[in-house]
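In what follows, every chain begins at residue 1, and chains take the letters A, B, ... in the order their sequences are listed. Both backbone and side-chain heavy atoms feed into the values below; hydrogens, waters and symmetry mates do not.
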Amino acid sequence: MQISVINAGGESGSVEVPSGASCGDALKLGLSGKQLRAALAARVASAGGERLCDLSAPLPGDARSVAPVTADDPDGLALLRHSVSHIMAAAVQRLFPHARVTIGPSIDSGFYYDFDVERPFTVEDLPAIEEEMRRIAAEDVPFVRSEMKKADAVKLFESRGENYKAEIIGGIDADTVSLYRCGEFLDLCRGPHLPRTGLAKAFKLLSVAGAYWRGDEKNPMLSRIYGTAFGDEKALKAHLERLEEARRRDHRKLGRELDLFCFHEDVAPGMSFWLPRGMLLRTILEDFLRREHLKRGYEIVQGPQILRRELWEKSGHYDHYRANMYFTEIEGDVHGVKPMNCVGHMLIYNQHLHSYRELPMRLFELGVVHRHEKSGTLHGLLRVRQFTQDDAHILCAPEQLEEEIIGVMHLSADLMDLFGFSYRIFISTRPDDSIGSDEAWELATSALIKAVEKEGKPYQINEGDGAFYGPKIDIKVTDAIGREWQLSTIQVDFTLPERFNLEYVGQDGERHRPVMVHRAILGSLERFIGVLTEHYAGAFPTWLAPVQARILNVTDAQLDYAKKARERLAALGVRVEVDTRNEKLGFKVREAQLAKIPYILVVGDREVQDEGVNVRLRSGENAGFHTVEDAAAMIRADSEEPFKRGGMSYSFS
RNA sequence: GCCAGCUUAGCUCAGAUGGUAGAGCAACUGAUUCGUAAUCAGUAGGUCGUCAGUUCAAUUCUGACAGCUGGCUCCA
């Protein structure tokens, strides 16, 4: 038969393939040595669409084209990692014959495999397992696919004591299942896999962890080993360096080093203490947020921190969220500490009867909330028990919903651009367990989709991932080293307006129920500042830097001048301090650089003489002599620069 | 909450098969007055996470608890 072979460059050549040939045979006919050696599997296109096949698989009769899949291809990389997870399972079973296997998929950053073992693995076990994996790779044994009747496969795995595998197979909705043998290790698997273990060249085991069988905390805890694999050593090394870079940027470390925030876990687990510098940064951010919200038609409000239990019963939090709430008793009445701000905003809305002319009403609050998160989930500023949401509730008429969502998306986009994040949009639709009418869900979901589409933004749908009370848009940002964080969330809620009987009087004189949009852009100030710290590696842009400039006097002779220069710069709106210590200039420069201060202003006899400062930038570049006024103008211009694109403005005093 | 590992000076870490502990950096003091990433010397700093148990003796062994780290579950 005649098919086309597509090479790595996307060019295709037609070849005649004998009947009974494998996918690998077809590639051999059309590819050169180097490309052929890089092939991990084949992508076969036929009338029914494209699919990945083992190189050893027979070429389907209806195949039109075949292309090599390499580790440069996302599918190829996933396949490689999946195969390496099989190699790991094989190595584990050689070293720990009683270990029972469960599942071992590839993930974004590598792969894992979960085992049921008497004694959970520790990091000390990893080198031996990795060594055994290298041995299996060196043996260069083939991955051999076979098929079996489902019932036979269940029996086979049960007879081997592999009850987890038997359970998985029992749950598969098919008559036959495919198995892969790699040396003496046999595993249920859909495939495809590498042709031979020798193609696994660059891999590393990274960590161990506990993980519940099928992800359910009621199930037994399994022992998971995480690892990663790449097409070559260079890519693996680059990945390990990224992990190292992430450790260097860890906000918990930087927060301490830069004197931004700290924790006293023994007395306040999951609650942050804000040191003067961190609080200044946070205040600048809050100040900016308040102004920006006012400009965009929000009204700033604030509700109380604790409210009586009756209210939480009315809102539904007492039924659905009680486990995460803190309670206290006052004069015999149970009060709940707020885990969300919405209830307060409901009461604020209901303070008056509203006309349709007042809508949309946008209530904004930097709301401090407390949530009793499980102790094991706490993580620096990224997961805390007390945090401040940049929260707002928009109450609008149903026909205003789409426009309001667009407005929130604009705000989110402007802010993410300001901080230099790129982002992806996800729309989550109705979950199985939900409340509200079909019409309401339909209206809200289509409003979300229409809004995103009107903006021309690409998005993905997360089917069934919405909140029980309404669909939502989640925005995930990508930081400077490529990690994703979920910050903004935009949720439509039908429940609370109903429960709190919110109304407005329409043009027709009748009472109507407003729709509510619940949204947070940065998510929480704590998490956001944690993410920002890592994103900027502690080198905050000038507008956010708690200290924008530090004056360094060369000797004590310039001490008075340095202090005067500080006063003049401060009067011109620069956040500036002086390092008056009797240290060598080199030492003070080093410390200022390590403190990641944007501007270092050196004053020696020359600068005293010419009445200015010598400016050194955070990059290490020497920007030369400037008068104090020029230096101030330069720093202020640098502070305002990031705002130009979004039509926003900066002012803090 | 669950699994594993960990907890010694402000930070990073040594250390003793049970006889109450060190280093570097930071801090403080003094000398030095120096031009763009570390001047020198000295001083001080610890109930070895907490509470029990074993022991003549526990920071070291055992147990419980708390917290942290990596995951799981969850999540702003």
Side-chain angles (χ1 to χ4, degrees), chain A residues 112 114 116-117 119-125 206-226 247 250 252-253 256-257 259 262-270 321 323-324 339-341 367-391 467 474 485-489 491 518-528 530-531 552-559 581-595 600-607 614-617 620-624:
Chain A
Y112 66 80
D114 287 347
D116 185 17
V117 280
R119 172 188 68 82
F121 294 118
T122 72
V123 280
E124 278 88 53
D125 296 320
L206 296 172
S207 60
V208 295
Y212 299 107
W213 166 235
R214 292 187 185 272
D216 187 332
E217 60 185 322
K218 290 182 197 74
N219 284 339
M221 179 67 76
L222 305 171
S223 186
R224 173 174 297 181
I225 301 177
Y226 280 97
R247 273 189 283 275
D250 191 316
R252 294 166 296 186
K253 180 170 165 282
R256 191 172 52 230
E257 287 172 2
D259 270 326
C262 65
F263 290 87
H264 289 274
E265 286 103 353
D266 48 341
V267 292
Y321 210 74
N324 281 352
M340 298 177 191
N341 304 299
V368 177
V369 296
H370 291 75
R371 297 183 187 176
H372 184 188
E373 304 293 351
K374 292 178 189 170
S375 56
T377 64
L378 304 177
H379 179 95
L381 285 180
L382 302 181
R383 192 76 192 277
V384 286
R385 286 180 173 157
Q386 177 190 309
F387 56 97
T388 309
Q389 294 181 306
D390 62 327
D391 203 3
D474 286 327
W485 307 92
Q486 206 229 288
L487 301 176
S488 305
T489 180
Q491 307 179 355
H518 168 113
R519 47 110 286 186
I521 306 299
L522 306 185
S524 86
L525 292 180
E526 285 77 7
R527 177 181 285 179
F528 188 73
V531 170
L552 311 183
N553 52 320
V554 178
T555 72
D556 286 350
Q558 301 90 33
L559 206 51
R581 292 176 303 171
N582 174 16
E583 293 287 353
K584 292 174 87 164
L585 182 62
F587 179 78
K588 294 204 219 180
V589 166
R590 175 185 152 80
E591 297 230 319
Q593 288 281 156
L594 290 176
I600 295 173
L601 309 177
V602 174
V603 296
D605 285 339
R606 293 202 292 271
E607 287 72 27
N614 186 278
V615 179
R616 179 187 160 114
L617 308 179
E621 185 196 337
N622 191 327

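Rounded to an integer number of Å, the gap from CZ of R224(A) to C1' of G5(B) is 17 Å. Rounding to whole angstrom units, CZ of residue R606(A) and P of G35(B) are separated by 9 Å. In this structure, CZ of R214(A) is placed 16 Å from C1' of U73(B), rounded to the nearest angstrom. Regarding I225(A), its CD1 atom lies at a distance of 14 Å from the C1' atom of G70(B), rounded to whole Å. Atom CD of Q486(A) is separated from atom C1' of C75(B) by 9 Å (rounded to the nearest Å). Between Q558(A) atom CD and U36(B) atom P the separation is 14 Å, expressed in whole Å. Regarding R252(A), its CZ atom lies at a distance of 16 Å from the C1' atom of C11(B), rounded to whole Å.
Remark: ring of F121(A) not stacked against base of A4(B); the cut-offs of centroid gap under 5.5 Å and plane tilt under 30° are not jointly satisfied.
In summary, the side chains of E373(A) and N324(A) do not present any donor paired with an acceptor at a separation below 3.5 Å, with no hydrogens or angles considered.
An OP1 or OP2 oxygen of G5(B) is reached within less than 4.0 angstrom by no side-chain nitrogen or oxygen of T122(A). Of the side-chain N and O atoms in H379(A), one or more sit less than 4.0 angstrom from OP1 or OP2 of G70(B). Taking side-chain N and O atoms only, Y321(A) has no distance below 4.0 Å to OP1 or OP2 of C75(B). Put simply, R616(A) has a side-chain N or O that comes within less than 4.0 Å of OP1 or OP2 on A37(B).
Using a 4.0 Å heavy-atom distance criterion, E373(A) is classed as a base contact. Among the protein residues, G210(A) comes within range of the nucleic acid bases, having at least one heavy atom under 4.0 Å from a base atom. Q593(A) comes within 4.0 angstrom of a nucleotide base, judged by non-hydrogen atoms across all strands. Within the 4.0 angstrom heavy-atom criterion, only backbone atoms of the sugar-phosphate kind lie near R256(A); the bases stay farther away. At the heavy-atom level, L594(A) lies under 4.0 Å from base atoms of the strands shown. Contacts of D390(A) with the nucleic acid, taken as non-hydrogen atoms under 4.0 Å apart, are absent. At the heavy-atom level, V384(A) lies under 4.0 Å from base atoms of the strands shown. Nucleic acid contact class of E607(A) (heavy atoms, under 4.0 Å, all strands): base. Within the 4.0 angstrom heavy-atom criterion, only backbone atoms of the sugar-phosphate kind lie near G215(A); the bases stay farther away. Nucleic acid contact class of L552(A) (heavy atoms, under 4.0 Å, all strands): none. No engagement by Y112(A) is indicated, since no non-hydrogen atom pair under 4.0 Å with the nucleic acid exists.
Residue L378(A) places its side chain closer to C68(B) than to any other of U73(B), C68(B), C72(B). Here the side chain of N614(A) is nearest to one of U36(B), G70(B), G71(B), namely U36(B). In this structure, of G71(B), A76(B), C72(B), it is C72(B) that holds the atom nearest to the side chain of Y212(A). Set against C2(B), U33(B), G35(B), the side chain of M221(A) has C2(B) as its closest nucleotide.
G71(B) and A57(B) have their P atoms separated by 44 Å, given to the nearest Å.
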Stepwise salt bridge (charged side-chain N to carboxylate O under 4.0 Å, His left out) check, D216(A) with R214(A) = CA-CA 6 Å; D216(A) 187 332; R214(A) 292 187 185 272; over 6 Å; no
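Within residues 583-591 of chain A, the residues that place at least one heavy atom under 4.0 Å from RNA chain B are, in residue-number order, E583(A), K584(A), L585(A), G586(A), F587(A), V589(A), R590(A).
With sequence neighbours excluded, the residues forming a side-chain contact (heavy atoms from CB on, under 4.5 Å) with F121(A) are V92(A), F96(A), F115(A), V117(A), D125(A), I129(A), V208(A), S223(A), I225(A), listed by chain and number.
For the strand RNA chain B, secondary-structure stems (runs of at least three Watson-Crick or G-U pairs, all distances below 3.5 Å) span B:1-7 with B:66-72, B:10-13 with B:22-25, B:27-31 with B:39-43, B:49-53 with B:61-65.
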